[in-house]
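Right, one structure below, let's go through it.
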Amino acid sequence: MKLHDSLTRRTRRFEPLRPGRVTVYGCGPTVYDFAHIGNFRTFAVYDLLHRYLRWRGHEVDFVVNFTDVDDKTITGAADAGLRLAEHTETFVKAFLDDAKTLGFLPFSGHPRATAHIPAMVAFVEGLVERGSAYLAADGSVYYAVTSFDRYGRLSGKGGEDGAGRARIDAEDFEKRDPRDFALWKPAQAADREVGAVWDSPWGPGRPGWHLECSVMATSLLGDTIDIHLGGEDLLFPHHENEIAQSEAATGEPFARFWVHVKHLKVDARKMSKSLGNFHTVRELLDEGYDPAAIRWTLLSAHHRSELNFTRDGLDDATAAVQRLVDFRRRLRDSPASRGDGRGLAARAAEHLAAFGRALDDDLNVPRATAALWTLVKEVNTELDGAGGRVARTDREAVLGALAEMDAVLGVVGLAESSRKVAGADEERVQTLVEAREQARAARDFATADRIRDELAAEGIRLEDTPGGTRWTRVRTGP
RNA sequence: GGCGCCGUGGCCAAGUGGUAAGGCAGAGGACUGCAAAUCCUCGAUCGUCGGUUCGACUCCGACCGGCGCCUCCA
């Protein structure tokens, strides 16, 4: 596959360092609040890459951390009158729930910063020994940016020129260079209040933000990882600092590919609480949107392009997803015709190949889905022409290709799972459908239409086919 | 001020130096008791102005508009 790497600013061929085994680290959520739809755009891309790599036959170690100690989590815990761990647990759980809702494959692990403090301390000790970090008068340990000559290579920022404009905080007076950043911070009153304090050779305190990712990535995945992911905002300073720390500590290249996901906008504007366009997954679900439609929307633009998230877009996605569900159902339910196929198997293979080629090209989902739609249309046309029948071999081939595509996209199965009808309801609906059939046979269309309308109101759609009336639950959005 | 991105049909969104995928919506048609589902047909010259080129939407420049990072942020 080819993958765009932010560090070299090139789209390059990707091969794992160790054949057959890919190591991926994605910066995960800071668990101080419910993750919003913008966070989940990024995480949806993580899931896409995860699924794609597995689909292409790789073993994947895919780690996504939880930042469970930082200013915001500490402030939040203090405001809630809780210990840090109690406070963050709520949002860890919420994240995992939302991830499941959106059909994410379980990642290999979700290391928490607070569970890796000893390794962080050791990491910092190593940096101090190497002369890459120093203990300042305020009790903080800072990374010395000037000790790393490649600093700024990723972002094109943070060079000496930029230092002139760097904001000068009170703590900056303790730094040797304004660009230096904290690896270890001495305990403050608020930290002690919520239990965010750990021992270290430099006294009680807590780790700086950038440190955790370097430590967890290298200790869990090795000194050099294949792919490092994050939102575009993390490029600087977070990822720049990760590189500086990690490479100074290990002497090895940190990440071979850097993938940054563009931010999404809501109604063409930056999502923010003040604009009132701030959405969480659970809010959208409460409004009645289909999880699969949310997922489809989040994946609807290439990950390096801006994604404009709108209600209209969600409605579009709802219709598109429903069409895919209908397609699979139609194919599954189609009676097998006798004789040889009509070439659908070959075309399914062709479109599946095109789908794969699109993803091979820097995860080009829009192009991949175009191949999917072409398959849908061609098969529907064929079914129309053949009275709804299709050769068994053709049917299995098309269903197989669809399943393969969905192994990466993860929407059809997700959509079907939210359209299940419980047993009791099923019997009730069946009874109504039969009553309507009798009314139709008696040409009592008023009664028939009334039953159909009633069922439609509860999301049950009826279709009168030559083989009888069929019904299905559909999602049409709020 | 520095670095960077974007502007494609009503909406969303790919793409390429040789005359623009796909989805949604809309219109007409087929099918249907009427529908639904499905299929068929119909729409853009790619922000503006210059330049390079046999030829640019695709390269270069300027401009207009929108946006991101530079401070916590997916």
So, does [X] get its side chain near the phosphate of [N], meaning an N or O under 4.0 Å from OP1 or OP2?
{"X": "A:Arg323", "N": "B:rC24", "result": "yes"}
{"X": "A:Thr369", "N": "B:rA14", "result": "no"}
{"X": "A:Thr465", "N": "B:rA36", "result": "no"}
{"X": "A:Trp209", "N": "B:rC73", "result": "yes"}
{"X": "A:Lys270", "N": "B:rC69", "result": "yes"}

Query raised in the report: Do A:Arg347 and A:Val398 have side chains that get closer than 4.5 Å, going by heavy atoms?
Result: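 No; the side chains remain at least 4.5 Å from each other.
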Query raised in the report: Going by heavy atoms in the side chains, are A:His239 and A:His228 under 4.5 Å from each other?
Result: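 SC-SC contact between A:His239 and A:His228 confirmed.
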Under 4.0 Å between any heavy atoms, over every strand shown, what does [X] touch: base, sugar-phosphate, or nothing? Just pick one.
{"X": "A:Thr30", "value": "sugar-phosphate"}
{"X": "A:Leu235", "value": "nothing"}
{"X": "A:Asn380", "value": "sugar-phosphate"}
{"X": "A:Arg461", "value": "sugar-phosphate"}
{"X": "A:Arg452", "value": "base"}
{"X": "A:His36", "value": "base"}
{"X": "A:Arg330", "value": "sugar-phosphate"}
{"X": "A:Ser305", "value": "sugar-phosphate"}

Counting only Watson-Crick or G-U wobble pairs whose two distances fall under 3.5 Å, which nucleotide matches [N]?
{"N": "B:rC34", "value": "none"}
{"N": "B:rC42", "value": "B:rG26"}
{"N": "B:rG17", "value": "none"}

Determine whether any donor atom in the side chain of [X] lies under 3.5 Å from an acceptor atom in the base of [N], or the reverse, and answer yes or no.
{"X": "A:Asn364", "N": "B:rG15", "result": "no"}
{"X": "A:Arg436", "N": "B:rG33", "result": "yes"}
{"X": "A:Arg367", "N": "B:rG15", "result": "no"}
{"X": "A:Lys157", "N": "B:rC69", "result": "yes"}

Distance between the [atom1] atoms of [N] and [M], in whole angstroms?
{"N": "B:rG43", "M": "B:rA37", "atom1": "P", "value": "24 Å"}
{"N": "B:rG51", "M": "B:rG22", "atom1": "C1'", "value": "34 Å"}
{"N": "B:rG9", "M": "B:rU52", "atom1": "C1'", "value": "29 Å"}
{"N": "B:rG18", "M": "B:rC70", "atom1": "C1'", "value": "42 Å"}
{"N": "B:rC42", "M": "B:rC60", "atom1": "C1'", "value": "38 Å"}
{"N": "B:rU8", "M": "B:rG15", "atom1": "P", "value": "14 Å"}
{"N": "B:rG2", "M": "B:rU71", "atom1": "P", "value": "16 Å"}
{"N": "B:rC11", "M": "B:rC64", "atom1": "C1'", "value": "23 Å"}

Requested in this report: Would you mind telling me which of B:rA21, B:rA74, B:rA37 lies closest to the side-chain atoms of A:Glu463?
Outcome: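 The answer is B:rA37, which lies nearest to the side chain.
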Requested in this report: Report yes if the distance between the aromatic ring centroids of A:Phe95 and A:Phe66 is under 6.0 Å, otherwise no.
Outcome: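 Yes: the rings meet the under 6.0 Å criterion.
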Could you give the [atom1]-to-[atom2] distance, from [X] to [N], as a whole number of Å?
{"X": "A:Ile451", "N": "B:rC34", "atom1": "CD1", "atom2": "C1'", "value": "15 Å"}
{"X": "A:His228", "N": "B:rA74", "atom1": "NE2", "atom2": "C1'", "value": "12 Å"}
{"X": "A:Asn65", "N": "B:rA74", "atom1": "CG", "atom2": "C1'", "value": "12 Å"}
{"X": "A:Arg419", "N": "B:rA37", "atom1": "CZ", "atom2": "P", "value": "13 Å"}
{"X": "A:Asp384", "N": "B:rC40", "atom1": "CG", "atom2": "C1'", "value": "10 Å"}
{"X": "A:Asp71", "N": "B:rC73", "atom1": "CG", "atom2": "P", "value": "9 Å"}
{"X": "A:Trp296", "N": "B:rG22", "atom1": "CH2", "atom2": "P", "value": "14 Å"}
{"X": "A:His238", "N": "B:rC70", "atom1": "NE2", "atom2": "C1'", "value": "16 Å"}

Requested in this report: Identify, between A:Arg9 and A:Leu264, the residue whose nearest nucleotide on RNA chain B lies closer to the 5' end.
Outcome: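 It is A:Arg9 whose nearest nucleotide is closer to the 5' end.
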Query raised in the report: For RNA chain B, whose closest nucleotide is more 5', that of A:Asp312 or that of A:Lys377?
Result: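 Final value for this comparison: A:Asp312.
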Query - Distance-only side-chain donor-acceptor flag, A:Tyr25 / A:Asp226, under 3.5 Å - result: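 No - no donor-acceptor pair under 3.5 Å links their side chains.
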Query raised in the report: Just checking, any donor-acceptor pair under 3.5 angstrom between side chains of A:Ser6 and A:His260?
Result: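 On atom types as modelled, these side chains qualify, holding a pair under 3.5 Å.
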Query raised in the report: Would you find a donor on one side and an acceptor on the other, under 3.5 Å apart, between the side chain of A:His351 and the backbone of A:Leu372?
Result: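 A pair under 3.5 Å: no.
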Query raised in the report: In a check of side chain to side chain contact (heavy atoms under 4.5 Å, CB included) between A:Leu363 and each of A:Lys2, A:His303, A:His4, which one passes?
Result: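 Option passing the side chain to side chain contact (heavy atoms under 4.5 Å, CB included) with A:Leu363: A:His303.
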Query raised in the report: Do A:Arg12 and A:Phe257 meet the cation-pi criteria used here (NZ or CZ under 6.0 Å from the six-membered ring centre, within 45° of the axis)?
Result: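 Yes - A:Arg12 lies over the ring of A:Phe257, closer than 6.0 Å to its centre and within 45° of its axis.
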